[in-house]
Amino acid sequence: SRGPMASATVFAANLRSADGPHPCLLGGGVAPATGGLPEVAEPRKRSSLSLTEAQGMLRKAAIAGDTAEEVLESARKEKEQREHAMQASDVAVKSAVTQVSSMSDDFEAKWKEFQRKFDQLFEMGLKALGNSGLSTGAGLRPAQLIDEATVAQVLRRSARVVVLTGAGISAESGIPTFRGADGFWTVGSKNYQPQELATWQKFDEMPQELWHWYQYRWGICREASPNKGHHALVELESLVPGGIDLVTQNIDGLHRQAGSDTTRLCEIHGRIDEMRCDERVEGACLYGLDLNDPANLEKARATVVKTPKPAKNEKNERLPKCAKCGVRQRPKILWFDECYNEALYRSKTALEATKQCDVLLIIGTQLTTGLPSRMVQTAQESGATMIRMDPLVDLADPKSAGMLHVQAKSGEALPKIVSELRALLKEPLIAPIAKLDKAAAIPAGSPAAGSKSMSASKATLRSSSSPKLPPLASASSSKPTGNGQLSTPPSSPPKTPPKSPAGSSSSRSSVSGSAASRTSLKAAAAMTLKQEVPRASSVSGRSGGSTRPSASAAKVTTKISHGPSKSNSTPMAFFVYGTLRPDDDSGAAWTKTFCEGLNAESATLSGASMYIDGSYAAVSLEQTRCSVRGVLLSVPQSAAAAKLFAEKLAEADSIEGYPSLYDRTIVTVRIASGASRQAYIYHRTGRTNRSECVRVSDGDWLSRTRKD
């Protein structure tokens with residue numbers, strides 16, 4: 001080992017003399033002869049180190065060497081450990097840097113994914129609430145396209161109306177929605193989207209830049225003026241019996257400029273022309289204040305002041321400070337990472353108005369923010385009629401269910417609604433009944449008018465106790481088509497409508513070329529009335545190549561009798577509007593059997609109103625501009641057509657309890673293509689107590705209020 005060798009070297013050095021080898025190493029100290037007799041060497045002086053001492057030194061040296069080696073090995077290991085620790089530290093730091101960089105790079109993608117998952121969870125939560133019985137349990141009617149006249153009809157019959165407006169109505173005044181290419185804002189070399197900028201966190205990070213952005217946006221709003229849609233809403237405030245509560249997501253102030261009643265206006269996302277001190281900064285006037293506490297409302301609103309006009313040169317823009325507390329000011333706008341409150345946004349007022357409304361009219365919004373979505377859910381739960389107006393309509397979208405849809409720009413549609421509503425207001429709220437012919441044509445082979453064969457009919461169910469309908473099945477988004485079946489409506493209308501048959505006075509827009517669409521298009525009046533009732537004439541053009549009915553078009557008068565046809569031919573068709581509709585969702589036992597073998601097409605009957613008499617739909621023929629939507633069921637042309645119709649007529653008589661419960665007559669209805677068709681209808685004109693029965697405001701059985 002290295003220890004003993006080092007000790008031996010030291011020992012040898014101690015034994016070496018100055019003159020030569022130690023005598024002990026030369027064999028007894030005798031020098032070799034150089035010639036002749038050997039000479040006796042002179043004795044040398046011995047070293048003072050004894051053998052025992054040398055051995056002791058050797059042992060000590062060996063021990064010292066071992067100890068030194070151990071210390072050296074220990075130092076070597078400690079060095080290696082430190083090197084390993086430094087390497088591990090470097091790896092950890094590099095990994096952390098990489099991770100942070102990666103998180104920064106894909107933050108936007110992760111944020112969008114989070115929003116998508118949150119929306120899914122929100123939808124699942126709504127469904128879970130409905131299934132758990134926390135909602136009213138009301139089913140949703142299929143999405144349906146309607147025209148402006150039907151909207152006016154609904155408003156005429158409503159007492160409390162809430163209107164919710166979004167960016168769509170302001171876009172017609174030239175204000176960008178900031179969700180497209182116009183929405184980008186550049187800070188330095190980076191482009192930001194509005195969703196990134198419109199947060200308190202981003203404002204706190206770069207307040208001066210955000211102030212520049214909002215001043216730029218306010219500059220755009222200052223150049224805009226209210227459009228026809230804004231002014232039409234002001235007119236509606238005076239036409240709707242109970243007025244309207246206006247809730248807007250827009251921050252541009254155009255509703256105020258148009259003259260809307262500010263006492264019933266809720267600007268739930270704030271106003272771009274107002275600012276306040278930043279209450280989230282310590283020392284601010286409103287710091288730590290509960291903005292939903294009624295006791296704090298006036299104090300909070302007192303801090304709001306007008307925003308200074310945008311500077312001509314952006315470089316001259318300076319973020320203002322509160323005159324009272326000295327804290328920075330901020331726009332009075334609700335940001336994406338903030339919550340609604342009553343003090344600044346009147347969110348509670350908006351929600352309470354929705355709970356009490358008969359109609360929720362939604363204009364130009366995608367309903368992607370929290371409070372508007374809650375308003376829709378609240379309206380659904382209360383059974384209010386929901387009407388949505390937008391140029392883009394997707395009836396297949398699940399979010400469209402439960403709503404009536406007007407496919408139009410608000411600036412075009414709202415003035416037409418106002419015009420039609422003014423005409424309806426000239427009628428009594430409960431219109432006089434129509435004058436009917438006493439007898440209806442009865443084809444050969446059908447039961448006599450006085451037939452009492454009703455033992456297995458719906459009349460048995462309609463006893464004096466007025467039993468309820470069977471449990472409601474879930475509504476399906478469908479529309480009538482051939483052979484008594486219903487086809488699912490497409491997601492959007494075609495670019496061009498089908499041509500009107502010869503003799504048709506007008507053309508109506510269509511959702512589907514092969515199936516009937518827009519079942520609610522107002523049909524021509526088909527009756528001789530005690531007084532002539534004018535109706536809206538045909539169509540006005542709109543973008544996209546399609547045509548739509550005009551509520552403000554020239555008035556015409558129609559004189560077609562509610563009764564048998566003057567021709568020799570008898571119509572082989574039925575206009576059905578209740579449980580005989582093939583798309584009925586009440587679960588009635590007779591619907592499927594009756595519709596089997598018949599062609600089905602959407603149709604509209606003008607001069608009529610629908611009531612819920614007991615548990616069933618009952619139509620009254622009236623002197624009114626209002627209409628009822630239903631389905632035209634017709635017998636396919638064949639050699640056996642007359643026989644099949646006679647059988648269906650007898651079956652319908654039995655189901656409807658004719659003549660004991662319902663009367664029967666011939667009316668003229670309008671189908672989706674715009675053509676007129678004659679058909680039999682079962683009605684209760686003069687029988688239903690219209691002042692006591694519930695009236696379905698839009699005249700569609702599928703829009704009735706569902707009950708648990």
Side-chain angles (χ1 to χ4, degrees), residues 139-144 401 446-447 453-462 467-489 512 514-517 519 571-603 610 612-619 628-638 640-658 661-662 664 669 671-672 677 679-683 696 700-704 706-707:
L140 297 180
R141 63 146 299 137
Q144 175 70 53
S446 68
S453 177
M454 299 169 54
S455 59
S457 71
K458 182 167 61 177
T460 305
L461 298 177
R462 290 177 172 176
K468 299 296 183 182
L469 281 171
L472 296 177
S474 60
S476 58
S477 295
S478 57
K479 300 165 77 2
T481 182
N483 199 28
Q485 301 298 318
L486 297 176
S487 65
T488 301
S512 169
S514 61
S517 62
T519 61
M572 291 190 291
F574 302 91
F575 176 72
V576 294
Y577 53 83
T579 60
L580 286 182
R581 290 176 57 158
D583 56 348
D584 169 54
D585 58 1
S586 69
W590 49 80
T591 306
K592 183 177 180 181
T593 301
F594 178 75
C595 295
E596 187 174 352
L598 300 177
N599 293 329
E601 189 172 7
S602 301
M610 178 185 292
I612 304 299
D613 197 344
S615 298
Y616 295 92
V619 161
V628 170
R629 296 198 303 276
V631 177
L632 180 69
L633 295 177
S634 58
V635 175
Q637 295 182 356
S638 69
K643 179 181 178 182
L644 175 60
F645 180 72
E647 293 173 352
K648 292 294 182 182
L649 187 64
E651 184 180 355
D653 284 349
S654 178
I655 292 172
E656 299 288 14
Y658 169 76
L661 296 176
Y662 280 68
R664 183 185 67 189
V669 299
I671 58 177
R677 297 285 186 268
Y680 281 94
I681 184 176
Y682 293 87
H683 62 95
V696 181
D700 192 327
W701 168 246
L702 298 182
S703 295
R704 70 196 184 280
R706 272 75 164 174
K707 297 180 179 180

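For this chain, numbers begin at 1 and follow the sequence in order.
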Worksheet item: Taking only residues two or more places apart in sequence, or in another chain, which ones meet S703 in a side-chain contact (heavy atoms from CB on, under 4.5 Å)?
Response: R141, L404, R629, V696, D698, D700
Discussion item. I need the minimum non-hydrogen distance between G630 and R581, along with the two atoms involved.
Written reply: CA-NH1, 4.1 Å
Fill in: Which residues share a side-chain contact (heavy atoms from CB on, under 4.5 Å) with A618, sequence neighbours left out
D613, Y662, R684, T688
Worksheet entry | Point-to-point distance, once rounded to the nearest 0.5 Å, from CE of M572 to NZ of K643 | 14.5 Å
Worksheet, complete the sentence: Heavy-atom closest pair (A401 atom, L140 atom, distance to 0.1 Å) is O-CD1, 4.3 Å
Worksheet, complete the sentence: Residue set satisfying side-chain hydrogen bond (donor to acceptor under 3.5 Å, both in side chains) with Y577, at least two apart, ordered chain then number -> none
Response to the item:
T591 and P582 have their tightest heavy-atom pair at CG2-CA, 4.3 Å
Worksheet item: Any idea which heavy atoms bring A617 and G578 closest together, and the distance?
Response: CB-CA, 4.0 Å
Practice prompt. Apply the test side chain to side chain contact (heavy atoms under 4.5 Å, CB included) to residues L580 and I655: give CA-CA distance (whole Å), side-chain angles for both, the deciding distance (0.1 Å), then the verdict.
Written response: CA-CA 9 Å; L580 286 182; I655 292 172; 4.0 Å; yes
Fill in: Parallel, tilted or perpendicular, as decided by the 30° and 60° cut-offs, for the rings of Y680 and F574
tilted
Practice prompt. State the CG-CG distance between L661 and D653, to the nearest 0.5 angstrom.
Written response: 12.0 Å
Worksheet item: Any side-chain heavy atom of I681 sitting closer than 4.5 Å to one from R664?
Response: no
Worksheet item: Given the rule in the side chain to side chain contact (heavy atoms under 4.5 Å, CB included) test, do D583 and L702 qualify, once you have shown the distances and angles that lead to the verdict?
Response: CA-CA 9 Å; D583 56 348; L702 298 182; 3.7 Å; yes
Worksheet item: Salt bridge check: are D585 and R704 linked by an N-O gap of less than 4.0 Å?
Response: yes
Worksheet item: Quick one: CD on E596 to CG on L644, what's the gap to the nearest 0.5 Å?
Response: 10.0 Å
Item to complete: Please report the shortest heavy-atom distance between V635 and A641, naming the atom on each side.
Response: CG1-O, 3.6 Å
Worksheet item: Partners of F575 by ring-ring contact (aromatic ring centres under 6.0 Å, His included), sequence neighbours excluded?
Response: none
Discussion item. Looking at every heavy atom in both A600 and L633, which two are closest together, and how far apart are they?
Written reply: CB-CD2, 3.7 Å
Discussion item. What verdict does the side chain to side chain contact (heavy atoms under 4.5 Å, CB included) test give for T579 and W701, after you've listed the backbone C-alpha separation in whole Å, the side-chain angles of each residue and the deciding distance to 0.1 Å?
Written reply: CA-CA 8 Å; T579 60; W701 168 246; 4.0 Å; yes
Worksheet, complete the sentence: Value for CG (L632) from CZ (R677), rounded to nearest 0.5 Å, stands at 8.0 Å
Discussion item. In terms of relative ring orientation, are Y616 and W590 parallel, tilted or perpendicular, with 30° and 60° separating the classes?
Written reply: tilted
Fill in: E651 CD to F594 CZ distance, which is reported to the nearest 0.5 Å
6.0 Å
